Engineer: 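Okay, here's the structure, questions in a sec.
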Amino acid sequence: MAALWRSYQSLMTKRPWTVQIVTAGCLVGVGDVISQQLIEHRGWANHSMIRTTKMMGIGFFFVGPVVGGWYKVLDKLVAGGTKTAAMKKMLVDQVGFAPCFLGAFLGISGTLNGLTVEQNIAKLKRVSLWPAVQIGNFYFIPLHHRLAVVQIVAVVWNSYLSWKANKM
């Protein structure tokens with residue numbers, strides 16, 4: 001396990017943007033698998049690989065680049081690693097970024113699943129935010145690891161979002 005972590009760190013040093021995007025895409029896919037298997041109890045025979053592929057695509061092409069880029073911008077907007085800076089980052093993130101991001105995420109996934117605008121809006125009304133995770137992320141985690149950390153924590157969240165986004 002230590003060797004795997006060292007390899008990940010080495011790749012993160014050489015190609016941080018690529019590694020962050022690939023990590024996000026894979027973990028969004030893991031969230032969908034967990035959603036289908038543990039939340040929805042579909043079983044492997046009824047597992048939708050098309051759905052998992054769509055969710056991974058959202059992770060690769062939307063979640064990774066957008067959240068990774070946002071963390072870079074946020075780190076410039078609110079400098080520092082103090083508790084106060086972490087709290088400010090969490091507030092800016094949760095008040096300014098999260099609603100837009102979640103709306104876009106659910107809108108994209110809903111569109112890929114053929115939902116109408118009205119159906120997408122109804123889904124948005126049922127989603128909550130998770131500020132406590134972000135306080136810890138901004139306070140304890142270096143910038144280049146924040147996307148990976150939040151995506152690891154978000155496997156459960158992604159499972160929930162996948163379930164919500166694909167619930168017909």
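On a predicted model such as this, the values are computed, not experimentally measured, just so you know. Numbers here simply count residues along the sequence, with the first being 1.
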Engineer: Go through the steps to decide whether Y8 and T23 satisfy the test side-chain hydrogen bond (donor to acceptor under 3.5 Å, both in side chains), and finish with yes or no.
Structural biologist: CA-CA 10 Å; Y8 183 81; T23 300; 3.2 Å; yes
Engineer: Any link between L91 and I135 through a network of hydrophobic side chains (Ile, Leu, Val, Met, Phe, Trp, Tyr) touching at under 4.5 Å?
Structural biologist: yes
Engineer: How about S48 and Q36: does a side-chain donor come under 3.5 Å of a side-chain acceptor?
Structural biologist: no
Engineer: Got a second to check how far L4's CG is from Q9's CD, nearest 0.5 Å?
Structural biologist: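 Going from CG on L4 over to CD on Q9, the span is 10.5 Å.
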Engineer: Which pairs with one or both residues in residues 53-67 pass side chain to side chain donor-acceptor pair (under 3.5 Å), sequence neighbours excluded?
Structural biologist: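 For residues 53-67: K54-N113.
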Engineer: Do the non-hydrogen side-chain atoms of P65 and W17 ever get within less than 4.5 Å of each other?
Structural biologist: yes
Engineer: Rounded to the nearest 0.5 Å, what separates atom NE2 in H144 from atom CD1 in I141?
Structural biologist: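 These two atoms lie 10.0 Å from each other.
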Engineer: For a 4.5 angstrom cut-off between non-hydrogen side-chain atoms, does F138 reach K83?
Structural biologist: no
Engineer: To the nearest 0.5 Å, how far apart are CG in L77 and CZ in F97?
Structural biologist: 12.0 Å
Engineer: Under a 4.5 Å cut-off applied to non-hydrogen side-chain atoms, are L143 and Y71 in contact?
Structural biologist: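 Counting from C-beta outward, L143 and Y71 do come under 4.5 Å.
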Engineer: Distance check, rounded to the nearest 0.5 Å: Y139 atom OH versus T84 atom OG1?
Structural biologist: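 Interatomic distance, Y139 OH to T84 OG1, rounded to 0.5 Å: 9.0 Å.
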Engineer: Would L106 end up clustered with I58 when hydrophobic side chains under 4.5 Å apart are linked, directly or stepwise?
Structural biologist: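 Yes.
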Engineer: Heavy atoms only: give me the nearest A85-G81 pair and the separation to one decimal.
Structural biologist: CB-N, 4.3 Å
Engineer: How long is the straight-line distance from CE of M55 back to CD1 of I50, given to the nearest 0.5 Å?
Structural biologist: 14.5 Å
Engineer: Would you say that W70 contacts V92 through its side chain, given a criterion of any heavy-atom pair below 4.5 Å between the two side chains?
Structural biologist: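 Sidechains of V92 and W70: in contact.
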Engineer: Under 3.5 Å, side chain of R42 to main-chain N/O of N46, donor-acceptor pair present?
Structural biologist: yes
Engineer: What residues join V33 in its hydrophobic cluster, counting side-chain heavy atom gaps under 4.5 Å, either direct or through other members?
Structural biologist: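 Via sub-4.5 Å side-chain contacts, V33 links to W44.
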Engineer: Measuring only between side-chain heavy atoms, which start at C-beta, is M56 closer than 4.5 Å to D32?
Structural biologist: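 M56 does not reach D32 side chain to side chain.
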Engineer: Establish whether W163 and V155 are linked, either directly or via other cluster members, by ILVMFWY side-chain heavy-atom contacts under 4.5 Å.
Structural biologist: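 The answer is no; the residues belong to distinct hydrophobic clusters.
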Engineer: Could you tell me the separation between the CZ atom of R146 and the CG atom of D93, rounded to the nearest 0.5 Å?
Structural biologist: 10.5 Å
Engineer: Do S35 side-chain atoms and G31 backbone N/O form a donor-acceptor pair below 3.5 Å?
Structural biologist: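 Answer holds: no.
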Engineer: Above 12 or not: heavy atoms from other molecules or residues under 6.0 Å from CE of M87?
Structural biologist: no
Engineer: In this structure, would V66 and V63 fall into the same cluster of hydrophobic residues linked by side-chain contacts under 4.5 Å?
Structural biologist: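 Yes, V66 connects to V63 through the hydrophobic network.
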Engineer: Can you confirm whether V67 sits close enough to Q20 that some side-chain heavy atom of one is under 4.5 Å from a side-chain heavy atom of the other?
Structural biologist: no
Engineer: Say whether I152 and V149 are linked into one hydrophobic cluster, either directly or through other cluster members, by side-chain heavy-atom distances under 4.5 angstrom.
Structural biologist: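 No: no chain of side-chain contacts under 4.5 Å links I152 to V149.
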